[in-house]
Undergrad: 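Take a look at this one; I'll ask things after.
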Amino acid sequence: MATSTLPTPAPLLHSIVLDWYREHARDLPWRTEQATPWAVMVSEFMLQQTPVKRVLPVWALWLERWPTPAALAAEPAGEAVRAWGRLGYPRRALRLHAAASAIVERHGGLVPEDHAQLLALPGVGEYTAAAVASFAFKQRHAVLDTNVRRVLARAVGGVEYPANATTAAERKLAAELLPQAPEVAAEWAVGVMELGALVCTARSPECGGCPLFEQCAWQRAGCPPHQGPPRRGQTYEGTDRQVRGKLLAVLRAQHGPVRRGQLDVVWPDEIQRARALDGLVSDGLVEPLADGHYQLPR
DNA sequence: AACCCGTGGGG
DNA sequence: TCCCCAAGGGT
């Protein structure tokens with residue numbers, strides 16, 4: 001029996017999390033009634049590895065300028081990269097632009113409701129497809145992001161952190177925990193995520209204020225510290241990523257073509273600088289011109 | 001599967 | 001200060 005692995009009956013977990021969410025949820029603009037599926041999708045792209053606080057202002061400007069996929073698709077990809085600003089991982093801007101184009105071409109300009117069609121869009125992976133289907137269309141999907149994985153690892157698994165990569169066991173557990181009614185499942189999904197974001201945080205969880213304190217397997221086990229392989233921190237200083245960031249910052253600030261010399265000054269190592277620029281070009285983030293100039297893609 | 005991809009804030 | 005990590009996706 002699958003549910004026998006749960007220390008707490010699922011319906012109890014549901015009511016606890018839903019009650020907590022209804023009282024403590026942040027009122028984020030992409031959660032309002034008037035938020036369109038496109039607005040939800042834009043938020044999900046921006047929230048991939050970028051904190052809510054930094055996303056908020058960019059999201060608002062973005063939707064004011066491009067309220068529909070067609071509006072974004074009608075502009076050069078470089079405008080999306082520019083408007084992305086300093087959210088980080090600018091390939092997401094490129095993919096969001098490509099997703100908008102695909103939505104116009106394949107789906108008549110409307111964000112598709114079907115999970116498989118969402119998953120087929122550029123930049124939409126397992127998490128984002130489930131998130132859009134759940135949050136925008138109130139469907140029943142397991143939404144497994146870093147917050148949910150951490151909550152389940154602790155509350156059910158009894159460990160401090162989940163594995164580095166999502167496992168089949170996690171997917172199975174998340175599917176088992178889904179409430180049957182789609183609307184309830186959708187609220188459960190966002191509720192667990194919110195709990196992970198506000199209470200069951202990675203660094204210093206506020207277990208004293210956690211609604212799941214009494215049923216938490218990690219608490220029962222005495223909050224044992226993380227055991228497995230170290231969660232590798234990603235170095236940044238001196239990497240190609242840093243160089244790419246500096247190069248792209250120059251191109252974002254300038255509206256027309258940029259001379260090669262303006263790019264050369266951002267990084268002393270010529271080899272690495274060239275490699276980073278080549279990478280940006282091959283990624284489609286930068287367009288080389290014939291006369292030694294560069295610009296954001298058109 | 002492991003690695004690459006930006007940026008900034010909080011503990 | 002320094003380090004961790006933040007609603008991941010693609011290869």
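A, B, ... follow the sequence lines: proteins, then strands. Residue 1 opens every chain. Just the heavy atoms: all of them, side chains too, but no hydrogens, waters or symmetry mates, feed the values below.
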Undergrad: Any carboxylate oxygen within less than 4.0 angstrom of a Lys/Arg side-chain nitrogen, looking at A/Asp264 and A/Arg260?
TA: yes
Undergrad: How long is the line joining CG of A/Leu47 and C1' of B/dG6, in whole Å?
TA: 15 Å
Undergrad: For A/Arg275, answer base if it contacts any base atom (sugar-phosphate contacts may also be present), sugar-phosphate if it contacts only those atoms, and nothing otherwise; contact means non-hydrogen atoms under 4.0 Å.
TA: nothing
Undergrad: Considering only B/dC5, C/dA6, C/dG8, which nucleotide approaches the side chain of A/Asp240 most closely?
TA: B/dC5
Undergrad: Write down the distance between CZ (A/Arg203) and P (C/dC3), rounded to a whole number of angstrom.
TA: 12 Å
Undergrad: Across the strands shown, which category fits A/Val143 at heavy-atom distances under 4.0 angstrom: base, sugar-phosphate, nothing?
TA: nothing
Undergrad: Of all the nucleotides listed (C/dG9, B/dC5, C/dA7), which has the minimum atom distance to the side chain of A/Arg95?
TA: C/dG9
Undergrad: As a test of reading the structure: which of C/dC5, C/dG9, C/dA7 is closest to the side chain of A/Tyr161, going by heavy atoms?
TA: C/dC5
Undergrad: Could you state the atom-to-atom distance from CG of A/Leu285 to P of C/dG10 in whole Å?
TA: 15 Å
Undergrad: Is there a donor N/O on one and an acceptor N/O on the other, under 3.5 Å, for the side chain of A/Thr50 and the base of B/dG8?
TA: no
Undergrad: Please give, in whole Å, the distance from C/dG8 C1' to A/Arg150 CZ?
TA: 14 Å
Undergrad: In terms of side-chain geometry, is the basic nitrogen of A/Arg298 or A/Glu79 positioned less than 4.0 Å from the acidic oxygen of its partner?
TA: no
Undergrad: Tell me whether A/Glu126 is salt-bridged to A/Arg171, with the criterion being a basic N under 4.0 Å from an acidic carboxylate O.
TA: yes
Undergrad: Does A/Phe45 reach a base, just sugar-phosphate, or nothing at all? Heavy atoms under 4.0 Å.
TA: nothing
Undergrad: Side-chain N or O of A/Thr128 less than 4.0 angstrom from OP1 or OP2 on C/dG9?
TA: yes
Undergrad: Going by modelled atom types, is there a donor-acceptor pair between the base of B/dC4 and the side chain of A/Arg241 at under 3.5 Å?
TA: no
Undergrad: Between A/Glu187 and A/Lys138, does any side-chain N to carboxylate O distance fall below 4.0 Å?
TA: no
Undergrad: Just say parallel, tilted or perpendicular for the rings of A/Tyr161 and A/His226, cut-offs at 30° and 60°.
TA: perpendicular
Undergrad: I need the single residue from A/Leu296, A/Val243, A/Val266 that forms a side-chain contact (heavy atoms from CB on, under 4.5 Å) with A/Leu248. Which is it?
TA: A/Leu296
Undergrad: Hey, does A/Leu248 reach any base, or is it just sugar-phosphate, or nothing, if we go heavy atoms under 4.0 Å?
TA: nothing
Undergrad: To the nearest angstrom, how far is A/Tyr89 atom OH from C/dT11 atom P?
TA: 16 Å
Undergrad: Specify the separation, in whole Å, of atom CE of A/Met46 and atom C1' of C/dA6.
TA: 16 Å
Undergrad: At under 4.0 Å between heavy atoms, what does A/Leu28 touch on the DNA or RNA strands: base, sugar-phosphate, or nothing?
TA: base
Undergrad: Mind checking the P distance from C/dA7 to B/dC3? Whole angstroms is fine.
TA: 24 Å
Undergrad: Specify the residue among A/Arg91 and A/Arg86 whose closest nucleotide of DNA chain B lies further upstream toward the 5′ end.
TA: A/Arg91
Undergrad: Considering every strand and a 4.0 Å limit on heavy-atom distances, what is the contact class for A/Trp30: base, sugar-phosphate, or nothing?
TA: base
Undergrad: Find the distance A/Glu126:CD to C/dT11:P and express it as a whole number of Å.
TA: 17 Å
Undergrad: Closest-nucleotide mapping onto DNA chain C: is A/Leu121 or A/Arg31 further toward the 5' terminus? I mean the 5' end.
TA: A/Arg31
Undergrad: With rounding to whole Å, what would you report as the distance between B/dG6 and C/dC5 at their C1' atoms?
TA: 13 Å
Undergrad: Between P on C/dG9 and CG on A/Leu96, what's the gap in Å once rounded to a whole number?
TA: 13 Å
Undergrad: Using a 4.0 Å heavy-atom cut-off across all strands, classify A/Gly125 as base, sugar-phosphate, or nothing.
TA: sugar-phosphate
Undergrad: From C-beta outward on A/Ala202, which listed nucleotide comes closest to its side chain: C/dA7, B/dG11, C/dA6?
TA: C/dA6
